[in-house]
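Input: a single structure, listed below in structure tokens.
When a ligand or atom number is given, it counts from 1 through the structure's own listing order. The structure displayed is predicted, hence computed values, not measured ones. Heavy-atom basis, side chains included; hydrogens, waters and symmetry copies ignored.
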Amino acid sequence: MKVSVEPHLFVIFGATGDLMHRKLLPALYRLVTGGHLTKKCVILGVARTDQDDAAFRQQAQQTLLDAGFLTEDTANKWMQENLHYLPMMTSSPDEFAALAAKIEAVEREHELAGNRIFYLALPPSAFPTTIEALGSVGLNKSAGWTRLVIEKPFGRDLASARELNNLVHHHFDESQVYRIDHYLGKETVQNLLFFRFANVMFESLWNRDRIHSVQITVAEDLGVEHRAGYYETAGAFRDMIQNHVTQLMTLVAMEPPVGFNADDIREEKVQVLRSIAPIKPGDFVFGQYAAGKVGPSAVIGYRDEEKVDPESITETFVALRLEVANWRWQGVPFYIRTGKRLQRRVSQIVVNFRKPPVSLFRPFQGEDSSIHSNKLVISIQPDEGFDLHFEVKAPGETKVETQRLRHRYSDTFTNIPDGYQTLLFDVILGDQTLFVRADEVEASWKLYRPLLENPPAPHPYWAGSWGPTEAEKLIVHSDDHWRVI
Ligand code: NDP
Ligand code: BG6
């Protein structure tokens with residue numbers, strides 16, 4: 001489908017940071033080279049580092065070269081024409097007035113009509129001052145459209161999220177606001193909606209009558225890396241559960257939306273959050289990785305990582321049991337977990353169906369085996385795709401055996417866009433469907449309030465394991481257990 005992109009200025013606060021270089025710049029570059037943004041996107045990077053356009057362009061070029069994206073010539077041309085930089089040491093009114101003047105100068109140079117995106121790729125502590133300053137100098141509106149993109153985590157709890165929403169709404173209309181959660185940009189995550197609502201076969205089984213439990217695992221093999229400054233104040237709960245993992249859960253549990261548009265979809269996701277039964281202390285387990293082995297490599301424990309407090313109680317693992325107390329899901333446990341330094345990087349949703357009500361084949365099965373329940377395993381990453389596990393008769397024997405129907409994206413599709421590429425393009429087009437609405441973010445913090453008010457001490461777990469054994473206690477049915485398939 002051909003869509004029309006309006007020329008615009010993309011202002012990125014935090015333009016010297018990790019997110020800019022690892023994700024935003026490559027995503028914007030792919031959009032440019034893919035022909036989506038040619039001659040339409042001009043970037044203005046802002047950060048405290050004192051440097052000029054030339055140094056910023058040089059850095060950006062190196063990032064793209066290192067990522068293997070381009071030859072030096074094409075990189076140079078794009079950088080020289082479209083990248084600008086402004087150092088800003090503080091958030092003072094004078095500096096923001098200088099930013100407004102710089103924006104106008106860049107817009108004149110590139111003959112842009114005043115369409116602007118402000119992307120806050122900043123530490124969350126810097127969101128409020130930046131939003132306040134943008135509003136105070138009148139950068140919340142322009143001759144064209146103005147959009148504000150806010151990274152996660154949005155607040156630290158319900159009170160701070162509300163405060164941040166109030167501040168945002170004081171200066172911007174909700175229709176201008178894009179709270180980003182990059183998991184929603186992943187193709188496999190978006191596909192959850194298509195998979196559920198374009199296939200009547202699955203949707204008719206998608207309820208408490210047929211489903212026994214749902215498990216969502218978002219496991220990382222990496223540790224905290226160089227991000228202790230941020231991670232020590234966030235922990236796995238604020239970094240992953242409140243946003244990415246909760247988003248996956250709402251997409252699995254939501255009702256069919258009235259239409260495929262931003263508000264209809266976001267409305268149904270909020271309803272899921274509102275339906276979840278209050279969380280009790282026995283419903284969650286925190287963990288923290290100790291030294292261990294990930295693959296063949298020995299790795300240090302969290303407390304020995306650079307810039308981590310040697311007595312830190314920050315959790316690097318969270319497992320949680322939730323119950324969506326509505327007509328469709330009452331009584332079906334949703335198990336969710338995430339952690340760093342786990343055995344391998346895998347994000348997976350396992351929908352565990354009920355077993356047949358009568359075991360007709362028991363006489364043929366022998367003492368220790370029984371029929372396995374059907375499973376739908378949705379692989380979010382890596383090895384994107386899904387597997388449907390079902391039972392068949394083993395030829396020549398009176399015995400059932402589990403087999404899989406398998407779909408892998410890579411067998412059929414090439415060029416799967418990165419999540420940030422999809423989301424940045426949506427911001428440019430003005431499509432809020434894959435962004436988190438104000439009430440949604442508040443509903444999520446509200447849901448987790450009991451856990452935030454009384455966070456448990458983290459149990460140690462070996463790096464390279466699947467987390468602390470205490471997480472097993474969350475499983476309610478004796479024939480169930482945590483699994484990665
Ligand atoms: P970094 O620490 O790498 O970068 C932060 C950027 O903000 C730098 O450009 C820094 O540059 C600038 N900065 C730092 N402190 C301040 C301040 N007080 N006021 C103004 N500017 C400041 O962080 P990341 O890039 O990793 O993260 C940025 C945001 O993106 C966070 O909200 C994070 O949660 C989110 N995010 C990051 C992901 C990632 O993979 N990195 C993934 C998903 C979300 P300078 O010192 O020059 O000002
Ligand atoms: C980020 C978290 O939001 O998501 C990181 O801050 C985490 O801690 C990352 O590593 C995981 O993203 P992905 O796309 O690699 O699964």
A side-chain contact here means heavy atoms from C-beta on lying under 4.5 Å apart; do Q288 and E315 qualify?
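Counting from C-beta outward, Q288 and E315 never come under 4.5 Å.
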
For a 4.5 angstrom cut-off between non-hydrogen side-chain atoms, does I216 reach Y335?
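Not touching, per the 4.5 Å side-chain cut-off.
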
For ligand 1, note which part of [X] has a heavy atom under 4.0 Å away: side chain, backbone, both or neither.
X	answer
R48	both
A121	backbone
A15	backbone

Provide the number and element of each atom of ligand 2 under 4.0 Å from a heavy atom of [X].
X	answer
K340	5 (C), 7 (C), 8 (O), 10 (O)
K152	1 (C), 2 (C), 3 (O), 6 (O)
Q381	13 (P), 16 (O)
D239	2 (C), 5 (C), 6 (O), 8 (O)
R345	15 (O)
E220	7 (C), 10 (O), 11 (C)

Taking atom 1 (C) of ligand 2 as the point of reference, which of E225, H244, K186 owns the nearest heavy atom?
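Looking at heavy atoms only, H244 sits closest to atom 1 (C) of ligand 2.
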
Has R449 got its NZ or CZ under 6.0 Å from the middle of the six-membered ring of W445, at an angle within 45 degrees of the ring axis?
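Pair R449/W445 does not count as cation-pi.
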
So is Y231 touching ligand 2 or not, going by heavy atoms under 4.0 Å?
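The answer is no: ligand 2 sits nowhere under 4.0 Å from a heavy atom of Y231.
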
Is a salt bridge present between E81 and K77, judged by a nitrogen-to-oxygen distance below 4.0 Å?
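Yes, this pair counts.
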
Quick check: Y230 and ligand 2, any N/O pair under 3.5 Å apart?
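No: no nitrogen or oxygen of Y230 is under 3.5 Å from one in ligand 2.
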
So that I know where these two stand, are Y409 and H407 an aromatic pair - ring centroids less than 6.0 Å apart?
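Close enough - the centres of the two rings lie under 6.0 Å apart.
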
State, without any angle test, whether H481 and E472 hold a side-chain donor-acceptor pair at a distance under 3.5 Å.
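Side-chain D/A pair, H481 to E472: absent.
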
Can a side-chain donor-acceptor contact be found between H110 and H8 if the only test is distance below 3.5 angstrom?
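No, H110 and H8 have no side-chain donor paired with an acceptor closer than 3.5 Å.
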
Just to check, does Y119 reach to within less than 4.0 Å of ligand 1 when the distance is taken from its heavy atoms?
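Distance cut 4.0 Å: Y119 fails for ligand 1.
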
